[in-house]
Protein chains: 2
Amino acid sequence: MLNRTPDLDRLFHALADPTRRAMVERLSRGPAPVSELARPLPMSLPAAMQHLSVLEAAGLVRSEKVGRVRICAITPAALSQAEQWINARRIEWERRLDRLGDYLETLDAKGETDGQGE
Amino acid sequence: MLNRTPDLDRLFHALADPTRRAMVERLSRGPAPVSELARPLPMSLPAAMQHLSVLEAAGLVRSEKVGRVRICAITPAALSQAEQWINARRIEWERRLDRLGDYLETLDAKGETDGQGE
DNA sequence: CGTTCGGTTAAGCATGTGCTTTAGTAACAC
DNA sequence: GTGTTACTAAAGCACATGCTTAACCGAACG
């Protein structure tokens, strides 16, 4: 049921790098050419390109060549896929804590008890 | 402003592995001992333990020894940190598309024009 | 006591990742 | 045409990751 993870793998892996997150942050504010993405980074341009292709492989970024310049832009849908997975986990444990709450309430009828907390 | 990323690194990296996500999924439904987390996995127990320590290092999982058994549980707060980062990106590009929308509306007063699209 | 169970540590290895430098190619400027 | 700009492709290298097996430890059980 949960084996369809090839793109969540790529997605989270892409986001696990500060350089790549910086690129996504930059692109959230609008499209940019490769060289502009690379300029602030402490690495060579080929290295930046490699990060970029990881982002593209993850579906987070889309790019298109215009003349000799490659313009990059984010693909919002990909990010929301990651968000959905996280959300699904939260729903699960919230429901569980909810049931636990119910259970503790039934215990509450008899006295004070707790096994929860930071 | 965005250089405080040491734990987003660990967090996304931890989630980038299907084995580790499976563990988180399992733990979302309730605490479990190490051996129960490891049982369904196609790998040795030490390998599973290593994944587990990645999850702990990322702050996603907390564990405690009870007798000779180690009980593991998720730490919901960590997940929401990842969610927040994703959300922040969405807010940024939504605001940007919003401004673009405004801009296109002002153009609309004069006629039909577009520079945006797939 | 000794044995099994659950977990832990350590060493070793194959592969992957993140960078580098070097050497291109295509578009634009002159 | 030549030269510069912006990107791309390829090779190579240092280090990290993900797994293995073997050996070990303390808790529980007889």
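In what follows, chains carry the letters A, B, and so on, assigned in the order in which the sequence lines appear, proteins first and then strands, with residues in each chain numbered from 1.
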Decide, yes or no, whether a salt bridge links B/R39 with B/E36 under the criterion of side-chain N to carboxylate O below 4.0 Å. no
B/E92 bridged to B/R89 by N-O distance under 4.0 Å: yes
Within the structure, does a side-chain N or O atom of B/R70 lie under 4.0 Å from either OP1 or OP2 of C/dT8? yes
Under-4.0 Å side-chain N/O to phosphate OP1/OP2 contact, B/T19 with D/dG18: no
From [atom1] of [X] over to [atom2] of [N], roughly how many Å is that when rounded to an integer?
X	N	atom1	atom2	result
A/D9	C/dG16	CG	P	14 Å
B/L52	C/dT9	CG	P	12 Å
B/L55	D/dT17	CG	P	14 Å
A/K65	C/dT25	NZ	P	13 Å
A/M49	D/dC7	CE	C1'	6 Å

Answer with base, sugar-phosphate or nothing: what part of the nucleic acid does [X] contact at a heavy-atom distance below 4.0 Å?
X	result
B/S35	sugar-phosphate
B/R20	sugar-phosphate
A/P33	sugar-phosphate

Between the base of C/dC5 and the side chain of B/R68, is there any donor-acceptor pair under 3.5 Å? yes
If you only use heavy atoms from C-beta on, which nucleotide in D/dT21, C/dT20, D/dA6 is closest to the side chain of A/P46? C/dT20
Closest-nucleotide ordering on DNA chain D, the 5'-leading residue of A/I71 and A/Q50: A/I71
Any donor-acceptor pair under 3.5 Å linking the side chain of A/R70 with the backbone of A/V34? no
Does A/R90 make a cation-pi contact with A/W93 (under 6.0 Å, within 45 degrees of the axis)? no
